[in-house]
Number of protein chains: 2
Amino acid sequence: MPNGYNAPMEMLARKLDSISRLTESDRAALLDLPHTVRNLPARHDIVRFGDRPTQSCLVLQGWVYRYAALAEGGRQILSFYIAGDLPDLQSLHLHRMDHNLATLTPCVVALIAHDDLRAVLLRNPGLAGTLWRDSLIDAAHYRERITSLGRRQALGRVAHLFCELYLRQKAVGLARGLSCPLVPKQAELADSLGLTSVHLNRVLRTLRGRGLVTLGGGTLTIEDWDALTAVAEFDQTFLHLANNPLPAREAAEAV
Amino acid sequence: MPNGYNAPMEMLARKLDSISRLTESDRAALLDLPHTVRNLPARHDIVRFGDRPTQSCLVLQGWVYRYAALAEGGRQILSFYIAGDLPDLQSLHLHRMDHNLATLTPCVVALIAHDDLRAVLLRNPGLAGTLWRDSLIDAAHYRERITSLGRRQALGRVAHLFCELYLRQKAVGLARGLSCPLVPKQAELADSLGLTSVHLNRVLRTLRGRGLVTLGGGTLTIEDWDALTAVAEFDQTFLHLANNPLPAREAAEAV
DNA sequence: CGCCTCATTGATGTATTTCAAAATTTGTGG
DNA sequence: CCACAAATTTTGAAATACATCAATGAGGCG
């Protein structure tokens, strides 16, 4: 079972452990889960609107995003997923896709058949609860996005997304100090924030101008966390991280 | 167990059955679930940001809504819930509330202790799957709201919400022909759609002017379903109704 | 070097907000 | 069932955040 890419199910176990404590038997069951590792090119649809997937994927490397396609070529990006995330766990119980899932970058994913997953969850109700919890955290992210789109203006929206992407990456060891990769292009960030890429660009200039962040080379650096969270009205409760109350603490651990 | 208000767990069974077929043993377990029926006044917070609920509630009568409170008195309504819905099922696995849940109208709800629920789900994995599915449908609603807020303009947003509220009420027998109650006030609809109540009001005039809907006395009547869904770019896939493919059919049944 | 993608900037248009007030409906006690 | 208060809806005028259109500039890469 174990092979390159950091032992896929190990990664999942670590992620789920950060969400709610796994028992030893849950962990063992997880490590036994059959799966296939696959390399996917960038900008490649994994599942499309209308599909009926028979497997779920775990992101091992790269970025994945979820989007709704609109008439007239419009697109709303619903969420971004990084290493350790289970972006289409929902297809286990929601049989028909109501949106699309695609790679943003070249990705390495592990595919897990629904049948195998169901069998393991039947024998490990605690694990089922943890995955259920994971999908509820996904929903919590959605709620926060709704609040952003509905009631924050562009500056706050962008700041809020930056806070979220930073903390989520830090939680899985992908940040360094107050810097993290910022993989989506401006057009993609805009499609996720309900903005035009033109306007997003102007907002970014403002954020830089006020000394809140630095951007460059696909990296986001937060220069003033307190000011950024203030502009964003950011409260990390919605991330539902299990043991990571303070940003500063993990920043130290992650480096 | 059975008492007024149409036997609470019967109502839940019927709702869940509309979401995915229940086995007889699932249904029996459901009907045995201990619960307390409570009357709640209108505009009353059921659970608040930061709370750690030990029970979940089932709506038997009235409307409930979920909202995030922002600085400066702002508010984003995240979703509306009607009879048969389980609005805070999530607290079963997400222990700390990241938003608020409140009654819109006077309500009758059934309260189910998490411990009792967990015990029943442990013995009925199929039922657990159905409830998991219910929470995933909740998330599907959120996704659609994100798309609306991010990429539709006011007219389409309002039209989309009307289509959704009509179909959801029809699915539980609360619609008559092409009419249904429209309980939220304009200020609440606005807070849910990321609009000002002033602008929402102008949009409503436009919808009426174009002959798409009629409004009055807390009732929404859809005058031109095809035109309304066209304006909204509405596709009901996201509702994930199990056996209700065509609006026309249930409209007839519901009357 | 030249091509392609992505980021940046300017000028102009518009959807929506804000502020303020009037009209209408709803609820309630007498 | 009416009178009155409160809540809700409706309208106008002015301000603004963001979109649209169009072009230029700055990297990567074969």
Side-chain angles (χ1 to χ4, degrees), chain A residues 41-43 63 70-77 104-106 148-162 181-210 213-220 231-232, chain B residues 41-43 63 65 70 72-77 104-106 148-162 181-210 213-220 231-232:
Chain A
R43 279 137 231 275
W63 284 55
L70 290 110
E72 315 292 330
R75 172 179 70 160
Q76 173 64 41
I77 294 185
L104 194 58
T105 64
S148 250
L149 292 173
R151 286 287 175 248
R152 281 190 258 265
Q153 41 190 58
L155 193 73
R157 273 185 230 173
V158 177
H160 198 279
L161 182 61
F162 283 175
L182 185 68
V183 168
K185 307 295 179 196
Q186 291 188 11
E188 288 143 357
L189 291 174
D191 276 346
S192 133
L193 292 166
L195 299 173
T196 305
S197 64
V198 173
H199 193 62
L200 173 72
N201 183 276
R202 297 194 229 266
V203 169
L204 291 179
R205 179 173 47 176
T206 306
L207 281 176
R208 277 190 306 244
R210 293 201 195 167
V213 303
T214 314
L215 295 163
T219 297
L220 161 69
V231 166
Chain B
R43 279 137 230 276
W63 284 56
Y65 71 108
L70 291 110
E72 313 293 329
R75 170 180 74 160
Q76 173 65 39
I77 293 185
L104 195 56
T105 65
S148 250
L149 291 173
R151 284 289 174 248
R152 280 190 258 267
Q153 42 189 59
L155 194 73
R157 272 185 230 173
V158 177
H160 199 280
L161 182 61
F162 282 175
L182 186 67
V183 168
K185 307 295 179 198
Q186 292 188 12
E188 288 142 358
L189 291 174
D191 276 346
S192 136
L193 292 166
L195 299 173
T196 303
S197 64
V198 172
H199 193 59
L200 173 71
N201 183 276
R202 297 194 230 267
V203 169
L204 291 179
R205 178 171 50 176
T206 306
L207 282 176
R208 276 190 308 243
R210 293 201 196 169
V213 303
T214 313
L215 294 164
T219 298
L220 161 71
V231 165

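Treat the numbers as computed from the prediction; the structure is a model and nothing was measured. Numbered from 1 within each chain, the chains take letters A, B, ... in sequence-line order.
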Once you round it to whole Å, what is the distance between [atom2] of [N] and [atom1] of [X]?
X	N	atom1	atom2	value
A:Lys185	C:dT8	NZ	C1'	15 Å
A:Leu189	C:dT8	CG	P	12 Å
B:Gln153	C:dT17	CD	P	12 Å
B:Leu200	C:dT16	CG	C1'	12 Å
B:Leu215	C:dT25	CG	C1'	14 Å
A:His199	C:dT14	NE2	C1'	14 Å
B:Glu72	C:dT18	CD	P	11 Å
A:Leu182	C:dC6	CG	C1'	14 Å

Among the candidates [options], find the nucleotide nearest to the side-chain atoms of [X].
X	options	answer
A:Thr196	C:dT16, D:dT20, D:dT8	D:dT20
B:Gln186	C:dT18, D:dC18, D:dT10	D:dT10
A:Arg202	C:dA15, D:dT9, C:dT9	C:dT9
A:Val198	D:dA17, D:dT20, C:dA20	D:dT20
A:Arg43	D:dC18, D:dT10, C:dC6	C:dC6
B:Asn201	D:dT10, C:dC6, C:dT8	D:dT10

Run the salt-bridge test on B:Glu188 and B:Arg43 with the 4.0 Å N-O cut-off and return the result as yes or no.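 Answer for the salt bridge query: yes.
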Would you mind classifying the nucleic acid contact of [X] as base, sugar-phosphate or nothing, using non-hydrogen atoms under 4.0 angstrom?
X	value
A:Gly217	nothing
B:Arg151	nothing
A:Leu204	nothing
B:Gly218	nothing

Minimal non-hydrogen separation, B:Leu200 against B:Ala190, with atom names: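 Reported closest heavy-atom pair: CD2-N, 3.8 Å.
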I need the minimum non-hydrogen distance between B:Leu149 and B:Leu193, along with the two atoms involved.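 Smallest interatomic distance, heavy atoms only, reads CD2-O, 3.1 Å.
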Toward the 5' end of DNA chain D, which comes first, B:Ala187 or A:Arg152, by nearest nucleotide?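 First, find each residue's nearest nucleotide; the 5'-ward one identifies B:Ala187.
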Return yes when atom CZ of A:Arg75 has more than 12 non-hydrogen atoms of other residues, nucleotides or ligands closer than 6.0 Å, and no otherwise.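 Atom CZ in A:Arg75 is packed in, count exceeds 12.
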Taking side chain as C-beta onward, heavy atoms only, is A:Val158 less than 4.5 Å from A:Leu189?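 Answer no - side chains too far apart.
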N or O in side chain of B:Arg205 less than 4.0 angstrom from D:dT9 OP1/OP2: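 For D:dT9, neither OP1 nor OP2 has a side-chain N or O of B:Arg205 closer than 4.0 Å.
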